[in-house]
Amino acid sequence: MTVCRDCCCGSLRKHPKIDHDGQIEVIRAELEPRNRVRTSLCLDACDQSNVVVVHPTPAARRTGARPVWFGLVLDDTVLDDLITWVRDGGPGVVEVPPILQLSVITPPANADR
């Protein structure tokens with residue numbers, strides 16, 4: 001999982017009521033060490049901040065699975081649903097639950113899909 005934390009995502013200026021550091025702590029506590037969690041500089045989807053990209057496992061990638069991009073990850077419910085989906089297998093293993101489909105965004109044209 002890649003969590004954008006740069007100019008807009010993770011910004012108290014843009015999202016002053018969000019505990020951005022707390023989000024990262026929860027994600028890491030719930031997913032590591034089984035899943036790699038990293039932060040990234042700008043992923044060029046600033047209008048959809050906070051952005052999270054869930055990457056398929058290597059085995060799922062070999063069968064054609066691709067990363068799934070989520071935008072507006074601004075509340076605990078969406079974060080909890082993301083964590084549950086990743087634990088269940090994520091891209092290429094388990095379909096994106098309908099409630100999370102509301103948060104799926106199209107990656108920018110320059111993104112590695």
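Given the structure is predicted, the values throughout are model-derived calculations rather than measurements.
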Under the side-chain hydrogen bond (donor to acceptor under 3.5 Å, both in side chains) rule, collect the residues that match up with Ser103, sequence neighbours excluded. none

Heavy-atom distance under 4.5 Å between the side chains of Ser49 and Ser11, does that happen here? no

How about Val54 and Pro91: do any of their side-chain heavy atoms sit closer than 4.5 Å? yes

Measure the shortest side-chain to side-chain distance between Arg36 and Met1 over non-hydrogen atoms and say whether it is less than 4.5 angstrom. no

Could you tell me which non-hydrogen atom of Gln101 sits nearest to which non-hydrogen atom of Val96, and how far apart they are? NE2-O, 2.9 Å

Rounded to the nearest 0.5 Å, what's the gap from NE2 on His15 to CG on Asn50? Could you check? 5.0 Å

Given side chains that start at C-beta, do those of Val51 and Val73 come closer than 4.5 Å, heavy atoms only? no

Looking at every heavy atom in both Arg5 and His20, which two are closest together, and how far apart are they? NH2-O, 3.6 Å

Nearest heavy-atom approach of Cys42 to Cys7 is SG-SG, 3.9 Å

Report the residues that fulfil side-chain contact (heavy atoms from CB on, under 4.5 Å) with Leu102, sequence neighbours left out, ordered by chain and then residue number. Ile99

Single-linkage hydrophobic cluster Leu74~Val53, side-chain heavy atoms < 4.5 angstrom: no

Is a side-chain donor or acceptor of Asp6 paired with a backbone partner of Leu41 at a separation under 3.5 angstrom? no

In the structure I gave you, are the side-chain heavy atoms of Val3 and Arg38 within less than 4.5 Å of one another anywhere? no

Would you say the side chain of Leu82 lies within less than 4.5 Å of the side chain of Thr84, judging by non-hydrogen atoms? no

Check: residues 26-35 side-chain donor-acceptor pairs under 3.5 Å, at least two apart:
residue : atom : partner : partner atom : Å
Glu30   : OE1  : Arg87   : NH2          : 2.0

Could you grab the distance from atom CG of Asp21 to atom CG of Asp19, nearest 0.5 Å is fine? 6.5 Å

Quick one, Leu100 and Val78 - any side-chain contact, counting heavy atoms below 4.5 Å? yes

Side chains of Val104 and Phe70: does their closest heavy-atom pair fall under 4.5 Å? yes

His55 side chain vs Val68 backbone, donor-acceptor pair below 3.5 Å: no

Paired with Leu43, the side chain to side chain contact (heavy atoms under 4.5 Å, CB included) test is passed by just one of Cys8, Cys4, Cys9, Pro107, namely Cys4

Expected output: side-chain Lys17 to main-chain Leu12 donor-acceptor under 3.5 Å: no

Using atom types as modelled and distance alone, determine if a side-chain donor or acceptor of Gln48 lies under 3.5 Å from a backbone N or O of Ile105. no

Any sub-3.5 Å donor-acceptor pair from Trp69's side-chain atoms to Val52's backbone N or O? no

